[in-house]
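Before any comments, here is the structure.
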Protein chains: 2
Amino acid sequence: MRRNRSRNRRIAPGTSHRRLLLTIMQEAEKHLDAKELYRRASDKDASISLATVYRTLQLFKEQGVINEMHLGQARCYYEMKRSGEHQHLVCESCGQVIDFESPLVGKLVAEVQRKNDFCATNVELYLLGYCSKCKEGKSKPERPK
Amino acid sequence: MRRNRSRNRRIAPGTSHRRLLLTIMQEAEKHLDAKELYRRASDKDASISLATVYRTLQLFKEQGVINEMHLGQARCYYEMKRSGEHQHLVCESCGQVIDFESPLVGKLVAEVQRKNDFCATNVELYLLGYCSKCKEGKSKPERPK
DNA sequence: ATAGGTGCAAATGGTTTGCGAAAAC
DNA sequence: GTTTTCGCAAACCATTTGCACCTAT
């Protein structure tokens with residue numbers, strides 16, 4: 001699976017730091033942000049720095065090993081690219097992130113590419129709202145509008 | 001259309017600054033980021049400050065007058081909420097943003113809500129890739145992966 | 001020895017905020 | 001006269017970068 005052996009930079013896990021970061025990403029039960037990844041990495045190797053985490057995340061992204069997602073606001077989240085493409089539901093109340101997948105996504109992308117003569121390299125799709133628990137308990141937390 | 005007359009804050013265009021910002025948003029041919037909105041507002045009223053632009057954008061957002069979008073990275077873009085829901089295609093090469101709409105989006109949202117017992121208040125969907133012009137000219141700019 | 005990787009601290013850049021002054025009602 | 005808004009400058013925060021040192025080859 002590893003490509004571009006010829007490029008200037010080393011293959012993904014070229015150093016112990018990268019290997020560590022890759023392992024953590026692979027074992028992560030969910031997507032992580034840079035800080036959380038840094039936190040987990042620090043537990044195993046206190047010498048690692050946040051800058052390295054960012055640089056490595058950048059590298060993994062370029063290599064297509066991970067996906068970067070902007071679920072809402074400022075910070076980005078990352079997860080390993082796995083077989084099944086999926087999207088996310090973000091609960092605005094409890095913050096929970098739920099995965100989902102639907103064949104409609106593929107259809108939609110295909111249709112859009114065809115109609116607009118566009119070549120998509122990346123799909124960013126998520127729904128903000130309230131999960132089953134939160135939409136009941138709360139009597140409309142804060143005017144979801 | 002204006003709701004929540006009872007809330008503490010005034011209805012959207014309560015001051016000349018807000019009125020100005022609202023007008024600019026309405027007349028904008030495309031989505032703007034805070035800086036661009038500030039630029040345009042400054043042309044008409046040099047006394048306005050960036051902070052006011054941000055605070056007003058925040059207000060409009062809460063009131064449901066505008067949509068906030070994160071098309072890719074750091075900064076956010078805003079546009080008036082209009083009748084036709086639509087999504088965006090972002091060309092990674094020329095930066096152009098193309099609107100598109102498809103009934104599949106509605107179907108998808110409906111399906112996801114039903115299957116996950118989720119209540120969506122907001123859909124964020126955009127495709128990154130290459131527009132018709134760019135995907136031809138360039139022989140794959142930088143490994144779109 | 002040499003290119004690439006890393007830590008550290010400083011720099012960036014978009015967005016937010018505290019505060020006292022000004023405007024709205 | 002209160003309440004809300006505003007300008008200003010400082011604060012925030014995620015991310016990026018310059019630079020000198022380190023490390024694997």
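A, B, ... follow the sequence lines: proteins, then strands. Residue 1 opens every chain. Remember, it's a predicted structure, so these values are computed and weren't measured experimentally.
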Applying a strict under-4.5 Å side-chain criterion to I, L, V, M, F, W and Y, I'd like to know whether B:Leu125 and B:Tyr130 cluster together.
no
Quickly work out the [X] [atom1] to [N] [atom2] distance and round it to whole Å.
X	N	atom1	atom2	answer
A:Lys61	D:dA14	NZ	P	16 Å
A:Arg19	C:dG5	CZ	C1'	13 Å
A:Leu71	D:dA14	CG	C1'	15 Å
B:Ile48	C:dA23	CD1	P	15 Å
A:Leu57	D:dA14	CG	P	14 Å
A:Glu68	D:dA14	CD	C1'	12 Å
B:Leu59	D:dC6	CG	C1'	14 Å
A:Leu50	D:dC13	CG	P	14 Å

Assuming nearest nucleotide by heavy-atom distance, tell me which of B:Tyr78 and A:Val53 is located more 5' along DNA chain C.
A:Val53
Considering only heavy atoms, which members of residues 33-42 of chain A lie under 4.0 Å from some atom of DNA chain D?
A:Ala34, A:Lys35
Considering only side-chain heavy atoms of [X], which listed nucleotide, [options], is closest?
X	options	result
A:Arg75	C:dG14, D:dT15, C:dT17	D:dT15
B:Thr56	C:dT17, D:dC6, D:dT15	D:dC6
B:Ser49	C:dT15, C:dT6, D:dC8	D:dC8

Is any side-chain N or O of [X] closer than 4.0 Å to OP1 or OP2 of [N]?
X	N	value
B:Tyr54	C:dT15	yes
A:His17	C:dG5	no
A:Arg18	C:dG5	yes

Would you list the pairs meeting side-chain hydrogen bond (donor to acceptor under 3.5 Å, both in side chains) in which at least one residue belongs to residues 22-32 of chain A, sequence neighbours left out?
A:Glu29-A:Arg40
If you compare all heavy atoms of B:Ser132 against all heavy atoms of A:Asp117, which two are closest, and at what distance to 0.1 Å?
CB-OD2, 3.0 Å
Hey, does the side chain of B:Tyr126 reach the backbone of B:His70 with a donor-acceptor pair shorter than 3.5 angstrom?
yes
With side-chain contact (heavy atoms from CB on, under 4.5 Å) as the criterion, how do A:Leu59 and A:Arg18 come out once you've worked through the C-alpha distance, each side chain's angles and the decisive distance to 0.1 Å?
CA-CA 10 Å; A:Leu59 175 67; A:Arg18 291 184 184 171; 3.3 Å; yes
Can A:Leu22 and A:Arg19 be said to form a side-chain contact (heavy atoms from CB on, under 4.5 Å), step by step?
CA-CA 5 Å; A:Leu22 185 62; A:Arg19 236 183 304 274; 5.8 Å; no
Is there a donor N/O on one and an acceptor N/O on the other, under 3.5 Å, for the side chain of A:Arg55 and the base of C:dG4?
no
Enumerate, atom names and distances included, each donor-acceptor pair closer than 3.5 Å involving a side-chain atom of residues 98-111 of chain A, sequence neighbours excluded.
residue	atom	partner	partner atom	Å
A:Asp99	OD1	A:His88	NE2	3.4
A:Ser102	OG	A:Leu104	N	3.0
A:Ser102	OG	B:Glu111	OE2	2.9
A:Glu111	OE2	B:Ser102	OG	2.9

